[in-house]
Amino acid sequence: MKILLTGGAGYIGSHTGVELLEAGYDVVSVDNYVNSQPEALRRVEAITGKKVTAYEADVCDKAALERIFEAERPDAVIHFAGLKAVGESVAKPLMYYRNNLDSTLALLETMKKYGCTRIVFSSSATVYGQPEVLPVPETARLGCSSPYGWTKYMIEQILRDEAVADKELSVVLLRYFNPVGAHPSGLIGENPNGIPNNLMPNVLNAASGKMKELKVFGGDYPTPDGTCVRDYIHVVDLAKGHVRAIRYAMEHTGSEAINLGTGVGYSVLDIINSFEKSTGVKVPYVMTDRRPGDIPTVYADPSKAARLLDWRTEKTLDDMCRDSWAFKSRNPNGYEAE
Ligand code: NAD
Ligand code: UFG
C-alpha cells in the first residue's frame, strides 16, 4: 500500500516516513523544501534500509500534483505540508492563508480526480485556543488566536464539508499537542530554519552554548511552579499515531478529529530539570516577562485516540530530552554537514 506524504521531508513527516516504511507501507514524499532538506529523506532511507520516492514540488501547484498522482496512484495521503510559525503568520497572514489553504484545495481536487479517498491531516491543539476544559477533549469549543491557527481551523472545516459531500471520503484530523524529541538513531530530528521559537530548540541552543541562556517566558502563571504547562509528545509516538490513523482511514469513511498527546502536562521548569537529569548537561536560563498570547495550561484528553486508533504514547519526558539532545549533538549544524 502506497502513502503519499506532503511535507514528507519535514520534522514530523520524516519520522512518520520511518514508521510507515517499517510497518511495510511504500512512501512517496512531495515537498518543496521551503522548511526542510532532501537530506532528511536520505536519512529515512538509511534508518529503514528502504526507498522513499521523493518529488520536489509545491503542493499548491496542481499540475505538478496531477503528474505525481498519475505516476504514483497513492492509496492514501498524509498532508503535513504547511507553514507553521505562529509569529510569522501574524506578520504575513496572506502568505499563510495562501500556502496552507491553496495546498489543501489543490491536493483535495487532485485526490478526487484520481479516486484517492483517504486523507490524514496535520491539525494542531492551537484550534482549541484558550481551552475551557482540561484535559481538552475533541468536543471542546474551537477558536484560534493566530492566522496560522485559523488556517488549521479552516482546513479542518473544508475537510469535514468534503467528507459530508463525498460519502467515500475518509478524513482523520489529527490535533497534535507539542511534538518534541527525535528518532533514537540520532539521524533525524527537528531542524528549524532561522531563529527557533519553540521551547525545545531553544533548550538545545542554551545547552550547547549556541545561545547564552534560555529565556523562560513568565514565572507568574497560575500553575504549580509559575511556568506554562504543555503536553509534550515524543515525535516517534506521534509518528506511530499516523500509522494507526492510516489504518483507521482505510477501514472507515466520514471525518474524525483526534487528539494526539500524552494527557500529561509538564511545565517549562519540568523540561529543564528532565533535560539536565537525562543528559547531564546544564541549561542556563533566565526568567523573563510573559510572551504575549501564551496560555497558562494546555494538555490533551487522549482517550479518543486510544479508543478509535488503539494508540497510546510510550515514551517519557526523559526520552524526549535525551533523544532531542542526541540529534543536536550529532548534528550541531542540522542536516548541512555531518
Ligand atoms: P516542518 O516545517 O518541519 O514540515 C512541513 C514540511 O512541509 C516542510 O518540509 C516544508 O518544506 C513543507 N512544505 C510547506 N509548504 C509546502 C508546499 N506548499 N509545498 C510543498 N511542501 C511544503 O513542520 P512539522 O513540524 O513537521 O509540521 C508538519 C505539520 O504539522 C504542519 O502542517 C504543522 O502545521 C503541523 N503541526 C506541527 C506542530 C509542531 O509543533 N511541530 C504542531 C501542530 C501541528
Ligand atoms: N517557552 C519559553 N522559552 C522559549 C520558548 C518557549 O519559555 O524560548 C515557553 C512558552 O512560553 C510556552 C512553552 O515554552 O509556555 C511552550 O512553547 P512553544 O513555543 O514550544 O509551544 P506552544 O505551546 O506555544 O506552541 C505550540 C506549537 C504551535 C501551536 C501551539 C498551540 O509550536 O504551533 O502549540 O497548540 F500553535
Side-chain angles (χ1 to χ4, degrees), residues 11-20 22-23 47 122 124-125 134-137 174-192 196 198-208 214 216 221 223-245 258-285 296-307 309-331:
Y11 173 45
I12 303 168
S14 57
H15 288 81
T16 301
V18 168
E19 297 305 321
L20 286 167
E22 287 183 344
I47 291 168
S122 298
S124 166
L134 289 170
V136 194
L174 295 179
R175 295 180 178 156
Y176 312 154
F177 281 67
N178 289 54
V180 295
H183 192 268
S185 63
L187 282 175
I188 55 171
E190 189 169 16
N191 183 33
N198 295 114
L199 179 61
M200 188 59 85
N202 283 333
V203 167
L204 298 172
N205 282 343
S208 65
L214 172 75
V216 175
Y221 283 100
T223 60
D225 65 22
T227 64
C228 289
V229 170
R230 295 287 181 276
D231 188 335
Y232 296 95
I233 172 171
H234 196 295
V235 67
V236 171
D237 278 334
L238 187 71
K240 289 181 173 161
H242 290 73
V243 179
R244 298 300 177 95
I258 303 177
N259 288 338
L260 293 185
T262 66
V264 181
Y266 287 109
S267 73
V268 177
L269 295 181
D270 288 335
I271 297 279
I272 294 172
N273 290 335
S274 167
F275 187 91
E276 292 185 341
K277 177 163 72 76
S278 61
T279 66
V281 179
K282 286 295 266 183
V283 181
Y285 72 87
T297 304
V298 189
Y299 54 95
D301 174 350
S303 57
K304 187 172 176 186
R307 202 170 68 248
L309 307 182
D310 190 23
W311 170 91
R312 286 162 198 84
T313 58
E314 290 169 358
K315 307 263 189 187
T316 64
L317 191 61
D318 286 356
D319 294 331
M320 301 180 209
C321 293
R322 195 182 312 108
D323 291 340
S324 294
W325 182 239
F327 175 72
K328 178 75 176 178
S329 308
R330 195 162 166 178
N331 306 275

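- Side chain of D323 to backbone of G181: no donor-acceptor contact under 3.5 angstrom is found.
- Of all non-hydrogen atoms in V283 and A207, the two that sit nearest each other are CG2-CB, 4.4 Å.
- Contact of the P196 side chain with the N205 side chain is registered, since non-hydrogen atoms from C-beta on lie closer than 4.5 Å.
- A182 approaches G189 most closely through the heavy-atom pair CB-CA, 3.9 Å.
- The CG atom of N178 lies 8.0 Å from the OG atom of S124; values are rounded to the nearest 0.5 Å.
- Nearest heavy-atom pair across K328 and S208 is CE-OG, 4.0 Å.
- In this structure, the separation between NE2 on H234 and OG on S324 is 7.0 Å, given to the nearest 0.5 Å.
- With a 4.5 Å cut-off on side-chain heavy atoms, L134 and T297 count as touching.
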**Prompt:** Checking side-chain contact (heavy atoms from CB on, under 4.5 Å) for the pair N191/N331: CA distance, chi angles, key distance, verdict?
**Reply:** CA-CA 9 Å; N191 183 33; N331 306 275; over 6 Å; no
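- A distance-only check finds no donor-acceptor pair linking the side chain of R244 to the backbone of A305 [under 3.5 Å].
- Considering only residues two or more places apart in sequence or on other chains, Y176 meets the ring-ring contact (aromatic ring centres under 6.0 Å, His included) condition with H242.
- A distance of 9.0 Å separates OG1 in T262 from CG in L317, rounded to the nearest 0.5 Å.
- In this structure, the side chain of N259 engages the main chain of D301 through a donor-acceptor pair within 3.5 Å.
- For D225, there are no salt bridge (Lys or Arg N to Asp or Glu O under 4.0 Å) partners at least two apart in sequence or on another chain.
- Contact annotation: the side chain of L204 approaches that of F275 to within less than 4.5 Å [non-hydrogen atoms, C-beta and beyond].
- Between P135 and A300 the shortest heavy-atom distance is CB-O, 3.3 Å.
- In terms of heavy-atom proximity, A245 sits nearest to L309 at CA-CD2, 4.0 Å.
- In this structure W311 satisfies the ring-ring contact (aromatic ring centres under 6.0 Å, His included) test with no other residue, sequence neighbours excluded.
- Remark: D319 engages R322 in a salt bridge (Lys or Arg N to Asp or Glu O under 4.0 Å) (not counting sequence neighbours).
- Here the CZ-OG distance, from R312 to S303, works out to 10.0 Å after rounding to the nearest 0.5 Å.
- One finds the NZ atom of K315 at 12.5 Å from the CG atom of L238 (value rounded to the nearest 0.5 Å).
- The shortest side-chain heavy-atom distance between T313 and P302 does not fall under the 4.5 Å cut-off.
- Here salt bridge (Lys or Arg N to Asp or Glu O under 4.0 Å) pairs that include residues 176-185, with residues two or more places apart or in two chains, number zero.
- Every residue meeting the salt bridge (Lys or Arg N to Asp or Glu O under 4.0 Å) condition with E276, not counting sequence neighbours, appears here in chain and number order: K282.
- With sequence neighbours left out, the ring-ring contact (aromatic ring centres under 6.0 Å, His included) criterion links Y299 to no other residue.
- Evaluation of the salt bridge (Lys or Arg N to Asp or Glu O under 4.0 Å) rule for K304 yields E256 as partners, not counting sequence neighbours.
- The shortest distance between side-chain heavy atoms of I271 and M320 does not fall below 4.5 Å.
- Under the 4.5 Å side-chain criterion, counting only non-hydrogen atoms from C-beta, L214 is in contact with L199.
- With sequence neighbours left out, A239 forms a side-chain contact (heavy atoms from CB on, under 4.5 Å) with H15, T16, E19.
- For the pair D231 and V136, the minimum side-chain heavy-atom distance is 4.5 Å or more.
- Taking the side-chain hydrogen bond (donor to acceptor under 3.5 Å, both in side chains) definition, one finds that D318 meets it with S274, K277, sequence neighbours left out.
- Here the closest non-hydrogen pair linking W325 and V281 is NE1-CG2, 3.7 Å.
- With rounding to the nearest 0.5 angstrom, the OG atom of S14 is 8.0 Å from the CD1 atom of I47.
- Legend: residues meeting ring-ring contact (aromatic ring centres under 6.0 Å, His included) with Y232, ordered by chain and number and at least two apart, are absent.
- Every side-chain contact (heavy atoms from CB on, under 4.5 Å) that P296 has, sequence neighbours left out, goes to Q130, Y221, P222, T223.
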